[in-house]
Amino acid sequence: MRHQQAARARQFAPPVPDPFHPPVPDPLVLVRPTADLLPYVDESRLAPYERRRAARLPAGPRRQDYLAAHVLVRLCAARLTGTHADTLVLAQHCDDCGRDDHGRPFLPGHPDLHVSLSHTTGAVAAAAGPEPVGVDVEDASAAVFDPAIAARVLTPAELTAVRADPDPARAFLRLWVRKEALVKVGLGTLGRLRELDLTGPAPPPGTRFHATTGHDDRLVAAAVTRTITADSSGRTRTTHPGEQHA
């Protein structure tokens with residue numbers, strides 16, 4: 001028991017600064033099983049709105065996935081800010097309905113750090129970085145290729161590539177998670193996914209895709225950052241991510 005408590009304490013402690021290897025201001029992207037994060041729920045000091053939202057979900061996997069994602073995003077942010085995860089306040093805002101109990105996640109105390117989170121059955125993903133970041137994860141273990149759904153969200157070139165893949169269900173999810181990640185950085189909407197063609201070798205201009213870590217073979221995940229540009233006054237600007245339901 002003491003060993004487990006010590007391990008949890010280390011996870012929530014800020015990293016020790018290394019003067020010879022300073023941290024690189026790049027996104028930190030993690031994918032973890034939900035079960036790995038549940039021991040940290042109490043230490044994370046979730047906000048009242050997060051507790052209320054979790055309580056409205058059915059007890060069991062859905063609630064656990066929600067809580068685990070909100071823990072993991074704090075751990076990602078803590079590693080980049082050098083702070084304790086239990087001191088970070090995570091807020092959310094829905095640009096569609098204006099409510100603050102879901103939607104785009106952000107850290108009021110760290111306006112220059114961008115975060116994103118996602119969850120699927122039994123697994124969660126989170127990302128944090130100095131640029132707008134989006135992450136998505138899906139469970140491919142029981143995925144079935146649905147031509148009707150694919151036709152609504154894929155371009156003709158993407159649909160051709162997916163149909164030709166030996167595993168069209170997984171091929172579809174590989175595109176889906178990337179498109180979801182792009183939506184979360186404000187590049188597109190769920191209703192216009194057919195306008196995002198990802199068959200080329202490079203991501204859309206001004207974006208970067210990142211490798212995810214820690215997921216097993218049943219999971220498909222993607223993370224993307226969007227470059228912050230400067231307007232004519234020299235101030236940085238970016239579109240708010242379209243993350244509405246995490």
Side-chain angles (χ1 to χ4, degrees), residues 8-19 21-32 36-55 65-119 124-136 181 184-186 210 223-231 233-246:
R8 289 200 292 268
R10 287 194 298 271
Q11 287 284 349
F12 274 82
V16 177
D18 183 350
H21 300 88
V24 178
D26 212 87
L28 174 61
V29 183
L30 297 175
V31 180
R32 293 289 185 269
D36 289 357
L37 280 301
L38 295 180
Y40 305 104
V41 171
D42 290 338
E43 288 96 332
S44 65
R45 297 183 184 178
L46 299 182
Y49 83 87
E50 292 172 292
R51 298 285 184 181
R52 291 192 297 268
R53 179 83 184 278
D65 294 334
Y66 173 89
L67 291 171
H70 285 243
V71 169
L72 187 59
V73 75
R74 284 170 164 84
L75 291 173
C76 284
R79 301 303 290 179
L80 292 187
T81 59
T83 59
H84 287 272
D86 59 4
T87 66
L88 294 174
V89 176
L90 181 72
Q92 292 182 260
H93 179 75
C94 178
D95 295 329
D96 288 341
C97 70
R99 293 177 59 180
D100 294 323
D101 62 350
H102 64 283
R104 179 179 58 86
F106 61 98
L107 301 171
H110 299 272
D112 295 328
L113 186 69
H114 301 266
V115 294
S116 180
L117 57 97
S118 178
H119 47 83
V124 296
E131 297 176 316
V133 59
V135 68
D136 190 55
K184 290 180 179 182
V185 295
H210 305 276
V224 64
T225 53
R226 183 173 185 176
T227 303
I228 300 176
T229 58
D231 60 23
S233 66
R235 296 173 299 183
T236 59
R237 61 180 176 83
T238 185
T239 302
H240 285 311
E243 191 160 3
Q244 300 301 348
H245 302 291

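What you see below is based on every heavy atom in this structure, not just the backbone, and it leaves out hydrogens, waters and symmetry mates.
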Would you say that [X] contacts [Y] through its side chain, given a criterion of any heavy-atom pair below 4.5 Å between the two side chains?
X   : Y   : value
Y49 : Q92 : yes
L46 : R74 : yes
H70 : R53 : no

Go through the structure and list residues passing side-chain contact (heavy atoms from CB on, under 4.5 Å) with R45, not counting sequence neighbours.
->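 Only D86 meet the side-chain contact (heavy atoms from CB on, under 4.5 Å) criterion with R45.
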For A126, all residues meeting side-chain contact (heavy atoms from CB on, under 4.5 Å), sequence neighbours excluded |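 Residues passing side-chain contact (heavy atoms from CB on, under 4.5 Å) with A126: L72, V73, C76.
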List the atom of [X], the atom of [Y], and the distance in Å for their closest heavy-atom pair.
X    : Y    : value
S44  : V71  : OG-CG2, 3.7 Å
K184 : S116 : CD-OG, 3.8 Å
G134 : A181 : O-CB, 3.6 Å
L113 : G129 : CD1-O, 3.4 Å
T81  : H110 : CG2-ND1, 3.8 Å
V41  : R51  : O-NH2, 3.6 Å

Check the pair H210 / V135 against side chain to side chain contact (heavy atoms under 4.5 Å, CB included), numbers first and verdict last.
-> CA-CA 9 Å; H210 305 276; V135 68; over 6 Å; no
Summary of salt bridge (charged side-chain N to carboxylate O under 4.0 Å, His left out) pairs that have at least one residue in residues 106-118, sequence neighbours excluded =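 Qualifying pairs: none.
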How many angstroms lie between atom CG of L67 and atom CG of D42, to the nearest 0.5 angstrom?
->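 Reported value, rounded in 0.5 Å steps: 9.5 Å.
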Can any side-chain N or O of R32 pair as donor or acceptor with the backbone N or O of L37 at less than 3.5 Å?
->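 No, because the side chain of R32 does not come within donor-acceptor range (under 3.5 Å) of the backbone of L37.
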Those residues that, when tested against E131, pass side chain to side chain donor-acceptor pair (under 3.5 Å) (two or more places apart) |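 Partners of E131 by the side chain to side chain donor-acceptor pair (under 3.5 Å) criterion, ordered by chain and then number, come out as R208.
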Take L107 and L90 through the test side chain to side chain contact (heavy atoms under 4.5 Å, CB included) and record every step on the way to the result.
-> CA-CA 5 Å; L107 301 171; L90 181 72; 3.9 Å; yes
Worked verdict on L75 versus L30 for side chain to side chain contact (heavy atoms under 4.5 Å, CB included) | CA-CA 9 Å; L75 291 173; L30 297 175; 5.6 Å; no
